[in-house]
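Note that this is a predicted model, so its numbers are computed, not measured.
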Amino acid sequence: MTVARARGSKRTLGAGDLGEPLGERATLVQFSSAFCQPCRATRRVLADVAAMVPGVAHVEIDAEGALELVRELRVLKTPTVLVLDRAGRVVRRAVGQPRRADVIAALGAAV
């Protein structure tokens with residue numbers, strides 16, 4: 001997984017965009033596709049971290065079912081993970097299967 005600071009976009013994401021409420025402190029947004037093997041492992045890691053860290057939510061979005069959002073956010077591969085702060089701003093972005101330690105470190109920028 002390559003983690004990068006999100007740059008350029010002032011756009012915030014909310015429950016209307018994600019289909020679920022934001023976490024109190026941060027939200028882990030995962031873009032997945034049906035036949036993506038690393039997406040399954042990513043789902044487990046993000047769900048585990050969200051369960052472990054109070055106020056953090058995990059939202060998984062089917063990339064094929066949200067093409068407008070995928071295009072707007074320039075999601076080119078699955079899994080792509082966005083780390084949102086409490087206001088819904090993208091503070092970190094990663095592509096590929098994450099390690100638990102990387103997710104926890106990326107959350108530090110959001111909380």
Side-chain angles (χ1 to χ4, degrees):
M1 172 172 121
T2 303
V3 178
R5 279 201 167 96
R7 291 182 281 167
S9 177
K10 302 284 188 216
R11 167 94 153 72
T12 60
L13 299 173
D17 300 303
L18 305 177
E20 295 184 36
L22 295 173
E24 283 180 30
R25 297 176 64 202
T27 305
L28 301 169
V29 179
Q30 174 185 349
F31 286 90
S32 299
S33 54
F35 299 104
C36 168
Q37 200 63 21
C39 293
R40 293 182 185 113
T42 298
R43 179 184 310 121
R44 285 190 299 274
V45 169
L46 297 182
D48 287 350
V49 171
M52 186 174 66
V53 181
V56 174
H58 170 229
V59 176
E60 186 172 6
I61 297 174
D62 175 25
E64 295 172 32
L67 289 177
E68 186 175 318
L69 188 59
V70 164
R71 287 183 186 116
E72 181 181 344
L73 297 173
R74 297 185 182 138
V75 173
L76 303 176
K77 294 181 177 183
T78 58
T80 291
V81 177
L82 306 178
V83 179
L84 309 181
D85 65 11
R86 68 174 29 173
R89 290 183 298 261
V90 180
V91 296
R92 292 286 188 271
R93 176 186 187 105
V95 177
Q97 184 176 331
R99 294 179 313 144
R100 184 181 321 270
D102 292 334
V103 175
I104 293 168
L107 276 174
V111 294

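Contact of the Q97 side chain with the Q37 side chain is not registered, since no non-hydrogen atoms from C-beta on lie closer than 4.5 Å. The closest side-chain heavy-atom distance from L28 to V83 is below 4.5 Å. Inter-residue side-chain proximity for R86 and L22 is flagged as unmet; no heavy-atom pair is nearer than 4.5 Å. At a threshold of 4.5 Å between non-hydrogen side-chain atoms, the residues V111 and V53 do not count as touching. Contact annotation: the side chain of L13 approaches that of L82 to within less than 4.5 Å [non-hydrogen atoms, C-beta and beyond]. Looking at V81 and V103, their side chains never come closer than 4.5 Å, going by heavy atoms from C-beta outward.
When all heavy atoms of P79 and T42 are compared, the pair lying nearest together is CG-OG1, 3.4 Å. Of all heavy-atom pairs spanning P21 and A57, the tightest one is O-CB, 4.4 Å. Minimum interatomic distance between R74 and R93 (heavy atoms only, all atoms of both residues): O-NH2, 2.7 Å. Minimum heavy-atom separation, A63 to V70: O-CG2, 3.5 Å.
To the nearest 0.5 Å, the span separating OG1 on T12 from CG on L84 amounts to 9.0 Å. The CE atom of M52 sits 6.0 Å away from atom CZ of R100, with the distance rounded to the nearest 0.5 Å. Taking CG of D62 as the start and CD of Q30 as the end, the distance is 11.0 Å to the nearest 0.5 Å. In this structure, CG on L73 lies 10.0 Å from OG1 on T80, to the nearest 0.5 angstrom. The line from SG of C36 to NZ of K77 is 11.0 Å long, rounded to the nearest 0.5 Å.
Of the possible donor and acceptor atoms, one in the side chain of R25 sits under 3.5 Å from a partner among the backbone N and O of P54. The closest donor-acceptor contact from the side chain of D17 to the backbone of G14 lies under 3.5 Å. Looking at E64, its side chain never comes within 3.5 Å of a backbone N or O of S33 through a donor-acceptor pair.
Each of V45, D48, L46, T27 was checked for a side-chain contact (heavy atoms from CB on, under 4.5 Å) with H58, and the lone residue meeting it is L46.
In the hydrophobic clustering of ILVMFWY residues, with side-chain heavy atoms under 4.5 Å counting as a link, F31 and L67 come out apart.
In the displayed structure, E24 atom CD is contacted under 6.0 Å by at most 12 heavy atoms of other residues, nucleotides or ligands.
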